[in-house]
Every structure is written in C-alpha cells, then in structure tokens.
Amino acid sequence: MNNINILVDCFNLKYTLECGQCFRWEAVENKPNTYIGVIHDRVLKITQEGNLLSVSSNKEEDLEEIVKEYFDLNKDYSKIEKKIATFDKKIATAVKNTSGIRHLRQDFFETLLSFIISANNNIPRITKSIQTISNRYGTKVMFEGKEYSLFPTKEQLKNVTVDEYRECGVGFRDRYLKDTVEDLLNNKIDVSNVDKLSTEELRKKLLTLKGVGPKVADCIMLFSCNKDEVFPIDVWVERVMSILYFKEYKGKMTKKDIMEYATKKFGKYAGIVQQHLFYNIREGKINLG
DNA sequence: TGCCAGGCCTTCC
DNA sequence: GGAAGGCATGGC
C-alpha cells in the first residue's frame, strides 16, 4: 500500500467529484469526504480533511504527479474564483456556494466515450453503462482485496459489436460508440496531440465524430483538455441562464444567444463559471424565483 | 401513464 | 440554415 499526503488550496473533493464531470468515483460509506475511483491505470482512494488530501493507490509510480495533474492542482483556482466573483452578484453567490470545484484532466478517450453516452441521458444511467463497459472490456486491477476495472483502451474495444454496446445499456448511442472507436483506431484524431490544438481546431475535429455535437465536444474539452473558456449548454445550464439573464425573453432565446452572452461576459473562465452554475442549479442552491 | 435526462442524427424545407 | 421528429432506457 502506498500513501501520500498533498496540501491543497481552494479545493473541495466532494464538489469536484460530484458536480457531474466524472462518472467513476464512489463515496466510501461511513468515511466522510472519502472517495474511491479508477483513473488512467490505477485505483485511487482519497480523503480530504481541511487542506490535506490523503491518497492511497494500488500503484506507487508517479502517484503524486498523477494526482496533481488529474485534479489540476497546479492552477491557482483561488485567484480564478476571485476574478469570477467580480462578474456580478449572481455569479459571486454561485461560486461562494460551490467554492473549490476543480476541472479534472481526465483521460481523453474515456471522456469522449462517456460524454457520447451522456447525450439525452441521466447521470445514474450514464454511470452504470460506463461501469458495465469497464467491467466487460477493461483490464482488472486489485486494490485493498477488491477487484476494479480500468476503462478499456481503444484496442480492447476493437471487436465489440453494436449489439454488445447495446447490452451495456447505452441505448441508441450504441452505433455512435462503435463508429467513434473505429475512427480512433484509424487515428482520425491523434490522441497524443489534442492538448496542443487550439480550442477551435479541436472542436472541429471532435464534431466529425459520430455522436459528438457541440455540447458533448465542449464537455470533452472542458473535462479532459483544460479548455476553460468553453461553455457547454445542456438543459440545466439553459435553465439557469434563462432564469438569471433571459427572464424577459420568456424562453425564446436560442442556445446560440446564450453562448454568445456567456462567452462575452465570462471570457476565458466561461467553463468554470458554467460548472458552478450547473452544480448550483442541479443541487437546488439557486433560487428559481 | 407520461415526462425527463449533461443531445445528436436524419430528414425535410 | 433552421425546424421537426425519432431515439433506448430507467427513475420519478
């Protein structure tokens, strides 16, 4: 067993893991602020007590480095939150409510498939489908006497059929997964290079994949590529934005209207604002008035 | 029973 | 280019 401690600032483990950006973490029963999750090539167990993270894993190699990158710990979120809070009182309240959300840097392939599955779906079922796919096709690892499954690689999914995806509970998204995995096996997108592309270049590439529209593309960029300026608009964000800023439109504004408003108002931190708004509205922290 | 869910694809105009 | 309809499935 390998244990490390990491000091953190402006970080809330619960908010970060439960705000809807990731699907493979589980709260440990009877242990407050403790979660077990599978990322990249290993299992992590993390506890937060104040500003201290205690991390254990089945794998020692590069543990601290991987945790710091995954949770984006080298970025000054305290500064970003202060900046965001100056946009207006509504945003200041939202950020105060959910301070410490960080944008994860998740595995690109896993995030891509996860958010294809997320389309017109709900979080419990998304979680279940991803778990089933991992259990069926991913590499098994042991941690604390229990077996876990890594998310499968594209090679491990090479021969999975449309019907087999359907059996994992993904519904009509089965063929999207099949097509997208095939495209990646043919190197339609160079996964090792995605971070180096500009937001526009990457979005354009993502939109060529089946099952990836504007919203899914933005989520992938926000939750695995650190593109903090994108502003994914789902039904929740559409709802909260219309309540906060478009009341007089009475539902007649389009997603394009919201997008233009948000990118202009929130600039390079639009994605971080978006995540606070999403979590606030979903958890009932914003008064729907 | 009917509606909703971190939307996208296809068809039609 | 934009609007409308279809789509699997489980929870409420």
Side-chain angles (χ1 to χ4, degrees), chain A residues 15-25 94 98 101-104 106-108 110-133 160-183 188 203-225 227-244 251-260 262 266 270-286 288:
Chain A
Y15 293 166
T16 298
L17 295 180
E18 294 190 1
C19 71
Q21 61 178 321
C22 52
F23 304 100
R24 299 210 64 205
W25 287 89
T98 52
I101 292 181
R102 283 177 177 256
H103 278 155
L104 301 173
Q106 300 179 83
D107 176 76
F108 176 80
E110 176 179 341
T111 310
L112 170 60
L113 267 54
S114 296
F115 277 90
I116 287 175
I117 294 169
S118 80
N120 197 29
N121 209 340
N122 57 66
I123 289 178
R125 200 161 81 98
I126 299 164
T127 303
K128 199 174 168 188
S129 297
I130 293 169
Q131 191 58 41
T132 304
I133 290 173
V160 178
T161 65
V162 172
D163 287 342
E164 287 167 336
Y165 282 121
R166 178 66 66 98
E167 288 168 13
C168 296
V170 302
F172 60 87
R173 309 158 194 86
D174 52 4
R175 58 192 66 247
Y176 303 158
L177 296 178
K178 176 75 181 160
D179 285 351
T180 291
V181 169
E182 227 162 64
D183 281 345
K188 191 171 178 183
R203 180 182 282 123
K204 203 173 166 187
K205 278 183 182 286
L206 286 169
L207 289 176
T208 66
L209 300 172
K210 279 284 167 55
V212 179
K215 191 270 173 182
V216 168
D218 282 358
C219 281
I220 295 162
M221 292 195 286
L222 193 54
F223 303 141
S224 81
C225 304
K227 303 291 191 192
D228 288 337
E229 73 273 29
V230 302
F231 195 84
I233 301 174
D234 67 340
V235 291
W236 292 97
V237 174
E238 191 172 6
R239 202 170 293 158
V240 68
M241 286 297 285
S242 63
I243 291 165
L244 296 182
K252 286 186 178 172
M253 75 294 164
T254 63
K255 284 189 177 183
K256 195 182 164 195
D257 297 329
I258 298 175
M259 180 74 81
E260 283 174 3
F266 306 138
I272 294 179
V273 173
Q274 181 273 163
Q275 198 57 25
H276 285 282
L277 290 178
F278 174 80
Y279 196 44
N280 268 266
I281 186 86
R282 216 196 64 193
E283 296 295 310
K285 292 174 187 285
I286 284 182
L288 299 181

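Proteins get letters first, then strands, A, B, ... in listed order; numbering begins at 1 in each.
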dT11(B) versus dA8(C) - spacing of their P atoms, nearest Å: 14 Å
Leu113(A) CG - dG7(B) P separation (whole Å): 17 Å
Touch class at under 4.0 angstrom, heavy-atom based, for Arg166(A) against every strand present: sugar-phosphate
Neighbour count >12 (heavy atoms, 6.0 Å) for atom NZ, Lys255(A): yes
4.5 Å side-chain heavy-atom contact, Val240(A) and Arg282(A): no
dC9(B) and dG10(C), which share atom name C1', separated by this distance in whole Å: 23 Å
Under 4.0 angstrom between Arg173(A) side-chain N/O and dA5(B) OP1 or OP2: no
Touch class at under 4.0 angstrom, heavy-atom based, for Phe223(A) against every strand present: base
Residue of the set Ile130(A), Thr127(A), Thr111(A), Leu104(A) for which side-chain contact (heavy atoms from CB on, under 4.5 Å) holds with Cys22(A): Leu104(A)
Nucleotide dG7(B), atom C1' - distance to CG of Leu112(A) in whole Å: 15 Å
Length of the CZ-P vector between Arg282(A) and dG6(B), whole Å: 7 Å
Any side-chain heavy-atom pair of Phe266(A) and Ile272(A) under 4.5 Å: no
Sugar-phosphate only, base, or nothing, as touched by Cys19(A) at under 4.0 Å among non-hydrogen atoms: base
Nucleotide dG6(B), atom P - distance to NZ of Lys255(A) in whole Å: 13 Å
Pairwise C1' distance, dA3(C) and dA5(B) [rounded to whole Å]: 22 Å
Heavy-atom check, side chain of Thr180(A) versus side chain of Leu112(A), under 4.5 Å: yes
Centroid under 5.5 Å and tilt under 30°, Phe172(A) to dG6(C): no
dA8(C) base / Arg125(A) side chain donor-acceptor hit below 3.5 Å: yes
Interatomic distance where CD1 belongs to Ile117(A) and C1' belongs to dA5(B) [whole Å]: 15 Å
Gln275(A) (side chain) and dG6(B) (base): donor-acceptor pair under 3.5 Å: yes
Lys204(A) atom NZ, over 12 foreign heavy atoms within 6.0 Å: no
P-based separation of dG6(B) from dA4(C) [nearest Å]: 24 Å
Neighbours of DNA chain C within residues 207-220 of chain A, by heavy-atom distance under 4.0 Å: none
Non-hydrogen side-chain atoms of Leu177(A) and Val170(A) separated by less than 4.5 Å: yes
Under the 3.5 Å Watson-Crick or G-U criterion, the dot-bracket string of DNA chain C, with | for inter-strand pairs: |||||||.||||
Pair Phe223(A) + Phe115(A): ring centers closer than 6.0 Å: yes
Audit row: Thr254(A), Asp257(A), side chain to side chain donor-acceptor pair (under 3.5 Å) steps and yes/no: CA-CA 5 Å; Thr254(A) 63; Asp257(A) 297 329; 3.2 Å; yes
Heavy-atom side-chain contact between Ile133(A) and Ile117(A) under 4.5 Å: yes
